[in-house]
Number of protein chains: 2
Amino acid sequence: MPTSTRFAVSVHILAALAVNEGTPVRSEDLARSASTNSAVIRSILCRLAKANLTTSQLGAGGGALLARNADSITLLDVYRIVEDDEIFALHRCAPDENCVVGKNIQAAMLPTLDRARQALEAELNAVTIANIADTIAEKGRFTIPWEG
Amino acid sequence: MPTSTRFAVSVHILAALAVNEGTPVRSEDLARSASTNSAVIRSILCRLAKANLTTSQLGAGGGALLARNADSITLLDVYRIVEDDEIFALHRCAPDENCVVGKNIQAAMLPTLDRARQALEAELNAVTIANIADTIAEKGRFTIPWEG
DNA sequence: ATAAGTGTATGTATATTAATTACACTCTTT
DNA sequence: AAAGAGTGTAATTAATATACATACACTTAT
């Protein structure tokens with residue numbers, strides 16, 4: 001099963017807020033940039049706000065803002081906030097306790113699955129929204145406008 | 001979104017075949033052990049067989065068998081065979097090319113996502129079906145029958 | 001006071017998984 | 001040779017999650 005696109009969209013949102021340092025960005029503009037619907041953006045912003053990564057200014061001229069420094073937000077923070085499920089799913093129903101394999105398979109796998117998850121998380125933890133925003137700015141710097 | 005249970009069930013199947021060294025195991029018995037349906041087991045066995053991890057003996061007394069040494073099969077092999085999707089999903093629709101963020105966000109994220117995936121895969125690659133089968137046997141050895 | 005924009009709810013389409021049933025084909029056993 | 005066992009595969013169904021879309025009340029700036 002695929003993982004949701006929420007993680008990618010969330011990083012997109014936060015990077016956009018970092019790039020627009022200080023000025024509020026409307027959910028509609030974020031939606032256009034991420035090729036999705038403003039309700040989807042607002043739903044994600046809701047989660048990010050509850051986790052104190054963003055705030056929103058209501059009313060005219062309002063929009064979303066970073067609530068923290070971009071270099072204090074790691075991709076792991078984002079991943080944990082918006083991704084609901086474990087990376088590895090186990091059996092839907094508990095295996096047969098009366099079978100040696102069924103009784104012990106999950107405990108036998110767990111240490112490996114944990115190490116794998118931790119290794120993945122360590123990489124996500126090493127990169128911040130500021131890093132992503134910088135990379136975007138750097139790449140943008142070399143875009144030649146008249147070629148697209 | 002959750003990943004499928006196919007991976008866990010596949011490891012379960014292969015570990016069971018390793019434990020039952022040499023004697024064919026019916027899909028129905030595997031299904032009971034894994035608390036699922038025999039058609040689900042056969043569907044997974046079909047994939048494993050196509051990848052030359054297992055073979056099947058038709059007819060009476062038949063069942064599934066390992067086609068390779070259990071210590072030559074890593075969890076990463078299994079993961080790649082039965083898990084269809086990438087760990088990280090990107091935007092469902094391509095982001096807006098006319099926006100600096102939209103144009104560069106995916107390229108900016110990719111190196112990190114790649115490193116994270118590789119770190120996860122390295123851990124899965126370090127453990128074999130033989131390791132899992134050994135752990136199961138070890139745990140089973142200390143099961144006290146009259147207490148469960 | 002008005003318009004802008006968020007926060008939230010609701011309904012819908014789509015996709016994937018897994019459960020279930022069914023059946024033809026192959027092989028072993030007798 | 002016949003019968004039964006078991007696989008390989010397809011089709012159907014139910015459950016679940018995502019993302020899209022629309023709508024509306026509430027809050028804030030102008």
Side-chain angles (χ1 to χ4, degrees), chain A residues 1-10 12-13 17 20 23-32 34-51 53-65 67 82-95, chain B residues 1-10 12-13 17 20 23-32 34-51 53-65 67 82-95:
Chain A
M1 155 185 330
T3 111
S4 83
T5 65
R6 278 196 303 269
F7 176 57
V9 174
S10 299
H12 189 134
I13 291 172
L17 299 188
N20 286 33
T23 69
V25 185
R26 301 183 310 156
S27 60
E28 201 173 334
D29 294 327
L30 292 169
R32 186 181 315 109
S35 293
T36 181
N37 191 281
S38 63
V40 172
I41 299 290
R42 289 206 284 267
S43 147
I44 291 177
L45 276 174
C46 179
R47 293 196 190 209
L48 298 176
K50 278 176 184 157
L53 296 197
T54 63
T55 53
S56 284
Q57 248 178 49
L58 295 188
L65 293 161
V82 301
E83 212 61 43
D84 294 332
D85 298 295
E86 295 293 327
I87 301 176
F88 297 108
L90 295 180
H91 306 62
R92 178 180 281 192
C93 298
Chain B
M1 167 191 299
T3 110
S4 83
T5 65
R6 279 196 302 270
F7 176 57
V9 174
S10 299
H12 188 134
I13 291 172
L17 299 188
N20 286 27
T23 68
V25 184
R26 300 183 310 157
S27 61
E28 200 173 334
D29 294 328
L30 292 168
R32 186 180 315 112
S35 293
T36 181
N37 191 282
S38 62
V40 172
I41 298 291
R42 290 206 284 267
S43 147
I44 292 177
L45 276 174
C46 178
R47 292 197 190 207
L48 298 176
K50 277 176 184 156
L53 296 196
T54 63
T55 53
S56 284
Q57 250 179 45
L58 296 188
L65 292 161
V82 301
E83 212 61 42
D84 294 332
D85 299 294
E86 294 294 327
I87 300 176
F88 297 109
L90 295 181
H91 306 61
R92 180 180 280 193
C93 299

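A, B, ... follow the sequence lines: proteins, then strands. Residue 1 opens every chain.
For the atom pair CZ (B:Arg42) and CG (B:Leu30), the distance works out to 11.0 Å, reported to the nearest 0.5 Å. Note: A:Ile41 CD1 to A:Glu28 CD = 11.0 Å, rounded to the nearest 0.5 Å. From B:Ile44, atom CD1 reaches atom OG of B:Ser27 across 11.5 Å, with rounding to the nearest 0.5 Å. Distance check: B:Leu53 CG to B:Leu17 CG gives 10.0 Å after rounding to the nearest 0.5 Å. Distance CZ/A:Arg26 to CD/A:Gln57: 14.0 Å, rounded to 0.5 Å.
Between the CD atom of B:Glu83 and the C1' atom of C:dA18 there is a distance of 13 Å, given to the nearest Å. In this structure, the CZ atom of A:Arg47 is 15 Å from the C1' atom of C:dG7, given to the nearest Å. The separation between B:His12 atom NE2 and C:dA18 atom C1' is 16 Å, rounded to whole Å. Between A:Asn37 atom CG and D:dT18 atom C1' there is a gap of 13 Å when expressed in whole angstrom units. In this structure, A:Leu65 places its CG atom 10 Å from P of C:dT6, rounding to the nearest Å. Per the geometry, CZ belonging to A:Arg92 stands 10 Å off P belonging to D:dA15, to the nearest Å. For the pair A:Ile44 CD1 and C:dT6 C1', the interatomic distance rounds to 15 Å; values are reported in whole Å. The distance between atom CZ of B:Phe7 and atom C1' of C:dA18, rounded to the nearest whole Å, is 18 Å.
Take B:Arg92 and apply the salt bridge (charged side-chain N to carboxylate O under 4.0 Å, His left out) test, not counting sequence neighbours, and it matches no residue.
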Show the distances under 3.5 angstrom between N or O atoms of the protein and N or O atoms of nucleotides 6-14 of chain D.
unit_1, atom_1, unit_2, atom_2, d
D:dG6, OP2, B:Arg26, NH1, 2.8
D:dT7, OP1, B:Ser27, N, 2.8
D:dT7, OP2, B:Ser27, OG, 2.8
D:dG8, OP1, B:Ser56, OG, 3.4
D:dG8, OP2, B:Ser56, OG, 3.3
D:dG8, N7, B:Arg42, NE, 2.9
D:dG8, O6, B:Arg42, NH2, 3.2

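Using a 4.0 Å heavy-atom criterion, one finds that B:Thr36 contacts the sugar-phosphate atoms exclusively.
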